[in-house]
Amino acid sequence: MIDTTRIEIEQLLQKQRMYFNAGKTKDIQFRLESLKKLYAAILKFEKRITDSLWEDLHKSKEESYLTEISIVLQEIRYHIRHLKGWAKNDRVRTPLKLFPSKSEIVKEPLGVSLIIAPWNYPFYILMNPLVGSISAGCCTILKPSPSTPNVASVMEEFIRETFEDNFIGVVQGGREVNKILLEQKFDLIFFTGSSAVGKVVMKAAAEHLTPVILELGGKSPCIVEKDANLDIAAKRIVWGKSINAGQTCIAPDYLFVHENVKEELLEKMKQALEEMFGQDAQQSNFYARIVNEEAFSRLTDLLNEGKVRYGGIVNGSQKYISPTIIDEVRPEFKMMKEEIFGPLLPVMTFSNVEEAISYINAREKPLAFYYFGSKKNVKLVLSKIASGGACVNDVLLHIANHHLPFGGVGNSGFGKYHGKDSFLAFSNRRSVITSSTRVDFPFKYVPFKYFKFLKKVV
């Protein structure tokens with residue numbers, strides 16, 4: 001896979017800007033046809049996509065479909081059904097003081113967008129924002145991650161076969177290519193990745209006053225109360241932590257469990273893991289691998305702290321790390337200071353849920369928050385802990401509902417997408433007032449002869 005050059009990037013951007021300015025993408029029928037072409041292309045390339053995900057991340061075809069392909073297909077269907085309604089102008093009330101005028105909100109595409117995707121869900125996180133960009137009427141430059149080269153290569157072929165590059169184009173390469181891209185002026189940058197790189201993206205975008213949507217990570221906590229259904233909690237927590245070998249931005253990052261039920265919960269979690277992957281997850285076709293040597297080394301270094309209660313098995317030649325539960329964890333541990341982004345689950349205990357709440361609130365706001373317990377405390381806990389999204393008695397599921405906006409808060413990012421929010425993310429909501437010329441009241445004009453009356457109505 002050859003890196004895209006600066007000249008190629010600049011030429012592609014110029015082509016897309018000219019194509020956008022020609023106005024073709026603003027046509028609703030064009031957008032709908034483009035969404036249908038994208039849908040058909042995904043079905044055509046489905047096997048190639050799942051094969052490349054297996055090669056890069058050891059993802060099974062089942063996991064690839066459920067966590068990547070199916071979500072994008074659902075998103076496209078949803079946009080096709082609702083796009084005409086979303087794109088209509090919204091009439092809003094006009095105050096009497098502005099009579100004789102009418103007011104409306106016009107949704108117009110922002111222009112040329114840049115979507116930079118990470119490696120952990122390299123198809124889904126590249127394609128899902130693209131749906132919003134097409135739906136809103138933008139042109140798009142896509143930047144896949146070089147850490148998943150097989151997926152990146154398939155994505156480039158997939159897009160080139162489906163669309164002209166003056167509408168949607170693909171740029172390949174690593175950090176130097178990202179640097180060149182961020183030097184250009186776009187109308188929107190959509191970035192998914194780490195908070196550290198998100199700051200770099202935002203700083204570069206500020207040079208052109210380019211709006212950004214940042215979907216970042218963070219340490220998403222999970223609380224299990226003593227009155228939780230432990231069988232359900234155990235199964236759902238390890239399911240969410242083991243998908244893609246924990247390389248998920250909204251995976252439960254660490255666990256806070258009530259001291260009275262900790263041992264029982266940990267035992268049930270071990271049982272749940274073995275029910276899913278058997279005695280040796282390395283032999284399972286449903287357990288992914290760590291993406292590269294750098295990530296593998298970082299994760300294995302974290303195993304030096306705390307007490308491994310389950311797992312802890314590594315195989316460098318396969319970049320394999322087993323699902324691992326780590327007990328006797330202290331806040332000063334390295335694993336508690338950075339996003340884990342792997343199959344390691346640190347466990348801490350509390351005697352009163354306020355202890356867990358205080359710990360979480362003393363740190364950056366997470367991308368997701370998970371709570372297992374009875375209904376009586378749900379509102380209280382949710383009201384005290386801020387997060388981009390949350391699940392009660394489950395994990396991850398909020399990302400799969402296109403009726404819900406998805407995004408972070410604070411250090412975990414800002415801006416929302418999915419469903420209608422994706423359409424709005426790539427749109428400018430333009431305020432328009434249209435005034436009649438049949439009547440022209442004198443109140444607003446100098447020298448304000450009727451000021452005393454005007455004060456009563458404004």
Donor-acceptor pairs under 3.5 Å, side chain of residues 199-214 to any protein atom, not counting sequence neighbours: which ones?
unit_1, atom_1, unit_2, atom_2, d
His208, NE2, Glu183, O, 3.0
Thr210, OG1, Phe186, O, 3.1

State whether the number of non-hydrogen atoms from other residues, nucleotides or ligands found under 6.0 Å of [X] atom [atom1] is greater than 12.
X: Glu294; atom1: CD; value: no
X: Arg160; atom1: CZ; value: no
X: Leu43; atom1: CG; value: yes
X: Lys365; atom1: NZ; value: no
X: Lys179; atom1: NZ; value: no

One pair to check against side-chain contact (heavy atoms from CB on, under 4.5 Å): Val131 and Leu35. What are the steps and the verdict?
CA-CA 7 Å; Val131 176; Leu35 289 170; 3.9 Å; yes

Within 45 degrees of the ring normal and closer than 6.0 Å to the centroid, is that where the cationic atom of Arg363 sits relative to Tyr359?
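Geometry flag: set, cation within 6.0 Å and 45°.
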
Is it the case that the side chains of Thr5 and Glu8 hold a donor-acceptor pair, with the cut-off being a distance below 3.5 Å and no angle test?
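Side chains of Glu8 and Thr5: pair found under 3.5 Å.
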
Classify the side-chain pair Glu108/Asn428 by whether it contains a donor and acceptor separated by less than 3.5 Å.
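The answer is yes; a qualifying pair exists.
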
Of Ile360, Val329, Val347, the residue whose pairing with Tyr254 passes side-chain contact (heavy atoms from CB on, under 4.5 Å)
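By the side-chain contact (heavy atoms from CB on, under 4.5 Å) criterion, Tyr254 pairs with just one of Ile360, Val329, Val347: Ile360.
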
Give me the one residue out of Pro323, Ser322, Pro343 that meets side-chain contact (heavy atoms from CB on, under 4.5 Å) with Leu273.
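Checked Pro323, Ser322, Pro343 against Leu273; only one passes side-chain contact (heavy atoms from CB on, under 4.5 Å): Pro323.
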
Check this for me: does any side-chain nitrogen of one of [X] and [Y] sit under 4.0 Å from a carboxylate oxygen of the other?
X: Asp327; Y: Lys307; result: no
X: Lys44; Y: Glu161; result: yes
X: Asp394; Y: Arg236; result: yes
X: Glu364; Y: Lys219; result: no
X: Arg175; Y: Asp3; result: no
X: Asp51; Y: Lys47; result: yes

Residue pairs, two or more places apart or on separate chains, that pass ring pair (Phe, Tyr, Trp, His ring centres under 6.0 Å) and touch [range]:
range: residues 8-39; answer: Phe30-Phe167
range: residues 111-153; answer: Trp119-Phe341
range: residues 307-333; answer: Tyr287-Tyr320

Test of understanding: with side-chain hydrogen bond (donor to acceptor under 3.5 Å, both in side chains), list the residues that count as partners of Asn292, not counting sequence neighbours.
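Not a single residue meets the side-chain hydrogen bond (donor to acceptor under 3.5 Å, both in side chains) criterion with Asn292.
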
To check you understand the geometry: which heavy-atom pair defines the closest contact between His418 and Ile399, and what is its length?
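Looking at all heavy atoms of both residues, the shortest contact is CE1-O, 3.1 Å.
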
Residues forming a side chain to side chain contact (heavy atoms under 4.5 Å, CB included) with Arg429, sequence neighbours excluded
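Here the qualifying residues are Ile105, Lys107, Leu424.
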
Can you tell me how far [atom2] of [Y] sits from [atom1] of [X], rounded to the nearest 0.5 angstrom?
X: Glu75; Y: Leu38; atom1: CD; atom2: CG; answer: 11.0 Å
X: His402; Y: Gln74; atom1: NE2; atom2: CD; answer: 6.5 Å
X: Thr324; Y: Leu345; atom1: OG1; atom2: CG; answer: 9.5 Å
X: Glu164; Y: Ile159; atom1: CD; atom2: CD1; answer: 12.5 Å
X: Leu404; Y: Lys416; atom1: CG; atom2: NZ; answer: 10.0 Å
X: Ile321; Y: Ile290; atom1: CD1; atom2: CD1; answer: 4.5 Å

How far apart are the C-alpha atoms of Asp253 and Glu339, what are their side-chain angles, what is the distance that settles it, and do they pass the side-chain contact (heavy atoms from CB on, under 4.5 Å) test?
CA-CA 7 Å; Asp253 190 273; Glu339 184 179 6; 3.8 Å; yes

Determine the interplanar angle of the Tyr417 and Phe190 rings, folded into 0 to 90°, and report it as parallel if under 30°, tilted if 30 to 60°, perpendicular if over 60°.
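Aromatic pair Tyr417/Phe190 classed perpendicular.
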
If the plane angle is over 60° it's perpendicular, under 30° parallel, otherwise tilted; pick one for Trp86 and His82.
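Taking His82 first and then Trp86, their aromatic rings lie parallel (interplane angle under 30°).
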
Is any side-chain heavy atom of [X] less than 4.5 Å from a side-chain heavy atom of [Y]?
X: Arg330; Y: Met336; value: no
X: Phe369; Y: Leu382; value: yes
X: Asn401; Y: Phe406; value: no
X: Lys420; Y: His403; value: no
X: Leu142; Y: Val171; value: no
X: Gln16; Y: Ile141; value: yes
X: Gln184; Y: Arg6; value: yes
X: Leu188; Y: Cys138; value: no

Carefully, step by step, assess Ser52 and Glu55 under the rule side-chain hydrogen bond (donor to acceptor under 3.5 Å, both in side chains).
CA-CA 5 Å; Ser52 63; Glu55 292 168 0; over 6 Å; no

Does the salt bridge (Lys or Arg N to Asp or Glu O under 4.0 Å) test come out yes or no for Asp301 and Lys334, once each step is laid out?
CA-CA 9 Å; Asp301 183 54; Lys334 188 176 181 181; 3.3 Å; yes

Apply the test side-chain contact (heavy atoms from CB on, under 4.5 Å) to residues Glu63 and Phe286: give CA-CA distance (whole Å), side-chain angles for both, the deciding distance (0.1 Å), then the verdict.
CA-CA 7 Å; Glu63 181 175 324; Phe286 300 103; 5.7 Å; no

His398 vs Ile250, test: side-chain contact (heavy atoms from CB on, under 4.5 Å). Steps then yes/no.
CA-CA 10 Å; His398 60 295; Ile250 55 170; 3.9 Å; yes

